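Lettering follows sequence order; numbering is per chain, from 1. All values below were derived from every heavy atom in this structure, side-chain atoms included, with hydrogens, water molecules and symmetry-related copies excluded. All values derive from a computational prediction rather than experimental measurement.
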Protein chains: 2
Amino acid sequence: MKQNIFEKIEILPAYRQVADAIEAQIMKGEIKPEEPIGTEADLVAQFGVNRSTVREGIRLLEQSGMLRRGEKRRLYVSLPGYDKLATRISRSLVLHKVTFRELVETLEILEPNTIAMAAKNITNEQLDRMAKNIEQTEELLEDRDMLSKLDMEYHSLIAEAADNKVFLLAREPAGLLIYPATQYIFEAVPEAPSRLLDAHKKMFEALKTKDVEQARTWMDKHVRDFVKGLLRTGANLDGPIAKPHLDHLLSLDTYL
Amino acid sequence: MKQNIFEKIEILPAYRQVADAIEAQIMKGEIKPEEPIGTEADLVAQFGVNRSTVREGIRLLEQSGMLRRGEKRRLYVSLPGYDKLATRISRSLVLHKVTFRELVETLEILEPNTIAMAAKNITNEQLDRMAKNIEQTEELLEDRDMLSKLDMEYHSLIAEAADNKVFLLAREPAGLLIYPATQYIFEAVPEAPSRLLDAHKKMFEALKTKDVEQARTWMDKHVRDFVKGLLRTGANLDGPIAKPHLDHLLSLDTYL
DNA sequence: TTCGTCCATTTGTCGGACAATTGGACTTTA
DNA sequence: TAAAGTCCAATTGTCCGACAAATGGACGAA
C-alpha cells in the first residue's frame with residue numbers, strides 16, 4: 001500500500017440511488033414542496049426497479065422529511081419541519097453525551113442574541129401571543145408541568161420573532177434539551193416560578209418597546225438565574241444529561 | 001364538531017413501529033453505539049413481521065444515522081455524525097429559502113463567540129493543525145477552489161477547538177452554506193485572499209496566546225470583511241441563496 | 001506467509017400476491 | 001336537496017418465496 005492514487009469507488013445500492021435521484025430533483029427545484037410525486041407504481045416504472053426497492057428509497061426521504069404521505073396517502077414533496085429537525089438533532093446530541101455545561105454555555109450566548117434580534121423584528125401578532133403566554137403562566141404558576149411547557153413556548157416565541165431561520169434552528173435543539181430541566185428547578189427552588197414570571201414580563205415589556213438592550217439584559221439575567229437554579233437541583237454540569245430529563249424527547253416519537 | 005375531547009388515535013404502520021422500537025432502545029441506552037444489532041433475520045424473528053417490513057424500518061434509522069452497515073454488512077448502532085447532520089440541516093434551510101442575510105447575521109454572532117470559546121479551550125494539537133492550514137493557505141493563495149476549502153476547514157477547526165458540541169452543531173450548517181460564497185468573493189475582490197490570510201494569522205496568534213478579546217475582535221473584522229466582499233459580488237442579501245452557491249451541497253450525496 | 005479455492009451466511013433485489021384503506025361516483029333515503 | 005349508505009377502482013402496507021452477489025472465514029496449495 002505505497003501509494004493511494006485511486007479514489008474509493010462508490011457502489012451505491014439501488015434504493016440509495018432512488019433516494020438520491022429524487023432528492024437531487026428536489027434540491028434542484030425541479031419538484032417543489034407540496035407537489036405530488038408519482039405513485040409507487042410510477043416510480044417503479046421510471047426507475048425500472050422493484051417496488052420493494054422504491055419503497056426502501058422512499059423511507060430514507062420520508063425520514064429526512066423531504067417526502068411525506070399526503071391526501072389519499074400519495075407521496076408529496078415537503079419541507080422538513082423545524083420541530084422534526086430539532087428533535088433529531090437533540091437526540092444526536094444526547095447520544096454524543098452532551099453535558100449540561102455545553103447546553104448552558106450555548107444558551108448563555110444564543111438566548112440574549114435571539115431576543116436582541118426579536119426586539120427589532122417582533123410583530124404585534126407575536127406580541128399578542130406572548131402576552132397570552134404570560135397570562136397563562138400567571139394562572140398556572142402552581143402547575144409545574146404546564147409551567148415548563150409555557151416557558152419552552154415562551155422562548156420559542158422569541159426565537160420565532162427573531163425571524164431568522166438559521167438562528168431558530170441553531171437555538172431550538174438546545175432549548176429542547178434544557179428546558180425540561182425547569183421542572184426539576186421548580187421542585188428544588190420554590191421561588192423559581194415567580195422569578196421566571198417576573199423575568200418574562202420584563203422581557204415582554206422590553207420587546208414591546210423595542211428596547212434591545214433591556215431585552216438583552218433581562219434575558220442575560222434570566223439565563224443566569226436558570227443556571228443557578230439548575231445547580232440547586234444538584235445537577236452535575238459536566239456529566240451527560242440525566243435520564244429523567246430526557247423522557248419528553250422519547251415521547252415525541254409518535255408524531256415525527 | 002362542537003367538542004374535541006378525543007385525542008387523535010395513532011395508527012402507525014408496522015415499519016414505523018419497528019424503527020421506533022429500535023430507536024427507543026438506543027435512546028434508553030439499552031444498546032450502545034458500535035454494538036451490533038441482530039441480522040435482518042433476527043429482527044424478523046423478534047418483531048414477528050416480514051423481512052420487507054423490517055428493512056423499511058431499518059432504512060429510517062439508517063437515514064437518521066443511528067444505524068449503519070458495519071463489517072460484514074451487519075447492522076451496528078452508530079452515533080449520528082455531525083457532518084451528516086449539518087448537511088441535512090443545510091439542505092432543509094435551502095428548501096426553506098434561507099437568505100444570505102440570515103446566514104450572515106447568524107455568523108456575525110456565532111463566529112466571534114466560537115473563537116472566544118476556542119481561545120479558552122484550544123489544545124496544542126489543534127493549534128498545530130491550524131498552523132498547517134495557514135501554511136497551506138499561504139502556498140495556495142492563487143488557487144481559489146482550494147482557498148475556499150481551506151477557509152472552511154479553518155473555521156471548522158476553530159469550532160472544534162471551542163469544544164462545545166451544541167455550539168459546533170449550531171454553527172456548522174451556517175458555515176456549510178456560506179463559505180462556498182468565498183469563491184465568488186475571490187473572483188470579485190482581488191485583494192480578498194491576502195486579507196483573509198492576514199486575518200487568519202492574526203486570529204491564530206490570538207488563539208495561541210489565549211487572548212480572548214483579540215480573537216473575538218479579529219473574527220469580528222473577518223466576518224464583516226466577508227460580508228463586504230459578498231456585497232461586492234453583487235449578491236442579493238434578501239433573496240434565497242443563488243443556485244451556483246449550492247452545488248457543493250449536492251455533491252455531498254455520495255458519502256452520506 | 002501469501003495466495004487461491006470453497007463454503008456458509010446475509011444482504012440486496014426481484015416477482016407476485018392480497019387485505020385494508022382511501023376517495024370518488026353513484027344511489028338511496030329522509 | 002342534503003345527508004347517509006353502497007359500490008368501485010386505485011394504492012398502500014404487508015407478506016411470501018426466491019436467488020444472485022458480496023462477505024468473511026476456513027482450508028489447502030504454493
Side-chain angles (χ1 to χ4, degrees), chain A residues 1-3 6-23 31 34-78 253-256, chain B residues 1-2 6 8-23 31 34-78 253-256:
Chain A
M1 190 90 87
K2 287 283 188 286
Q3 306 173 310
F6 297 112
E7 333 181 331
K8 185 181 180 194
I9 164 171
E10 292 288 351
I11 168 82
L12 290 177
Y15 70 89
R16 285 290 308 266
Q17 296 189 46
V18 168
D20 287 351
I22 298 176
E23 181 167 6
I31 338 174
E34 301 312 309
E35 279 181 17
I37 199 174
T39 68
E40 292 181 6
D42 291 337
L43 296 175
V44 166
Q46 292 187 54
F47 287 111
V49 296
N50 190 275
R51 190 156 79 102
S52 311
T53 308
V54 168
R55 295 192 114 239
E56 291 190 32
I58 286 175
R59 294 297 159 247
L60 296 181
L61 298 175
E62 174 179 328
Q63 179 66 359
S64 58
M66 311 186 81
L67 241 50
R68 54 155 236 278
R69 294 288 178 181
E71 56 168 44
K72 197 161 181 176
R73 280 194 181 162
R74 276 199 173 69
L75 288 169
Y76 288 85
V77 176
S78 82
D253 262 338
T254 39
Y255 78 92
L256 282 186
Chain B
M1 190 91 87
K2 288 280 188 287
F6 297 112
K8 185 181 180 193
I9 165 171
E10 291 289 350
I11 167 84
L12 291 178
Y15 70 89
R16 285 289 309 265
Q17 295 189 46
V18 168
D20 287 351
I22 297 176
E23 180 168 7
I31 338 174
E34 301 314 308
E35 279 181 17
I37 200 174
T39 68
E40 292 181 4
D42 291 336
L43 295 176
V44 167
Q46 292 186 54
F47 287 111
V49 296
N50 190 275
R51 189 157 80 102
S52 310
T53 307
V54 168
R55 295 192 114 238
E56 293 190 32
I58 286 174
R59 294 299 158 245
L60 296 180
L61 297 175
E62 174 179 328
Q63 179 65 359
S64 58
M66 312 187 80
L67 241 50
R68 54 156 235 277
R69 294 288 179 183
E71 57 168 44
K72 198 161 178 174
R73 280 196 181 162
R74 278 198 172 70
L75 288 169
Y76 289 85
V77 177
S78 83
D253 262 338
T254 39
Y255 77 94
L256 282 188

S.K.: Could you check whether A:Arg59 makes a cation-pi contact with B:Tyr15, meaning its NZ or CZ is under 6.0 Å from the centre of the six-membered ring and within 45° of the ring axis?
M.R.: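 A:Arg59 over B:Tyr15 ring: yes.
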S.K.: Below 4.0 angstrom from OP1 or OP2 of C:dT11, is there any side-chain N or O of B:Arg55?
M.R.: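 So the side chain of B:Arg55 is outside the cut-off, no N or O lying under 4.0 Å from OP1 or OP2 of C:dT11.
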S.K.: Of the options D:dT11, D:dT14, C:dT13, whose atoms approach the side-chain atoms of B:Ala14 most closely?
M.R.: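 Given the options D:dT11, D:dT14, C:dT13, the side chain of B:Ala14 is closest to D:dT14.
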S.K.: Report the residue from A:Leu43, A:Asp42, A:Thr39, A:Leu61 that forms a side-chain contact (heavy atoms from CB on, under 4.5 Å) with A:Leu75.
M.R.: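 The option that passes is A:Leu43.
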S.K.: Are OP1 or OP2 of C:dT13 and a side-chain N or O of A:Arg16 less than 4.0 angstrom apart?
M.R.: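 The answer is no; no side-chain N or O of A:Arg16 sits under 4.0 Å from OP1 or OP2.
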S.K.: Rounded to whole angstroms, how far apart are CZ on B:Arg73 and P on C:dA8?
M.R.: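 It is 20 Å, rounded to the nearest whole Å.
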S.K.: B:Tyr76 OH to C:dT11 C1': how many Å, rounded?
M.R.: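 Rounded to whole Å, this separation is 14 Å.
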S.K.: Which heavy atom of A:Ala19 sits nearest to which heavy atom of A:Gly57, and what is that distance?
M.R.: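 Taking every non-hydrogen atom into account, CB-O, 3.6 Å.
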S.K.: Does anything in residues 44-52 of chain A reach DNA chain D, meaning a heavy atom under 4.0 Å, and if so which residues?
M.R.: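 The stretch gives A:Arg51 as the residues lying under 4.0 Å from the strand, ordered by number.
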S.K.: Let's see if you can work this out: which of C:dG12, C:dT11, D:dG13 has an atom nearest to the side-chain heavy atoms of B:Tyr15?
M.R.: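 In terms of side-chain proximity for B:Tyr15, the closest of C:dG12, C:dT11, D:dG13 is D:dG13.
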S.K.: Do side-chain atoms of B:Ser78 reach the backbone of B:Gly65 as a donor and acceptor pair under 3.5 angstrom?
M.R.: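 Indeed, once roles are kept as given, a pair shorter than 3.5 Å links the two residues.
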S.K.: Roughly, in whole Å, what's the span from CG in B:Leu12 to C1' in C:dT21?
M.R.: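 It works out to 16 Å between those atoms.
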S.K.: Using whole Å, what does the distance between atom C1' of nucleotide D:dG13 and atom CZ of B:Arg59 come to?
M.R.: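 These atoms are roughly 17 Å apart.
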S.K.: B:Glu40 versus B:Arg55: any side-chain heavy-atom pair under 4.5 Å?
M.R.: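 Yes, side chains in contact.
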S.K.: Using heavy atoms to find the nearest nucleotide of DNA chain C for A:Thr53 and B:Arg74 separately, return the residue whose nucleotide is more 5′.
M.R.: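 Per heavy-atom nearest nucleotide, the more 5' residue is B:Arg74.
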S.K.: CD1 of B:Ile58 versus C1' of C:dT13: gap in Å, rounded?
M.R.: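 Going from B:Ile58 (CD1) to C:dT13 (C1'), I get 15 Å.
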S.K.: Is there a donor-acceptor pair closer than 3.5 Å between any side-chain N or O of B:Asp20 and the backbone N or O of B:Gln17?
M.R.: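 No, B:Asp20 side chain to B:Gln17 backbone: no donor-acceptor pair under 3.5 Å.
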S.K.: Roughly how many Å is it from CG in A:Asp42 to P in D:dA10, rounded to a whole number?
M.R.: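 Interatomic distance, CG of A:Asp42 to P of D:dA10: 13 Å.
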S.K.: Kindly say if B:Arg69 contacts the phosphate of D:dT23, meaning a side-chain N or O under 4.0 Å from OP1 or OP2.
M.R.: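 For D:dT23, OP1/OP2 do not have a side-chain N/O of B:Arg69 under 4.0 Å.
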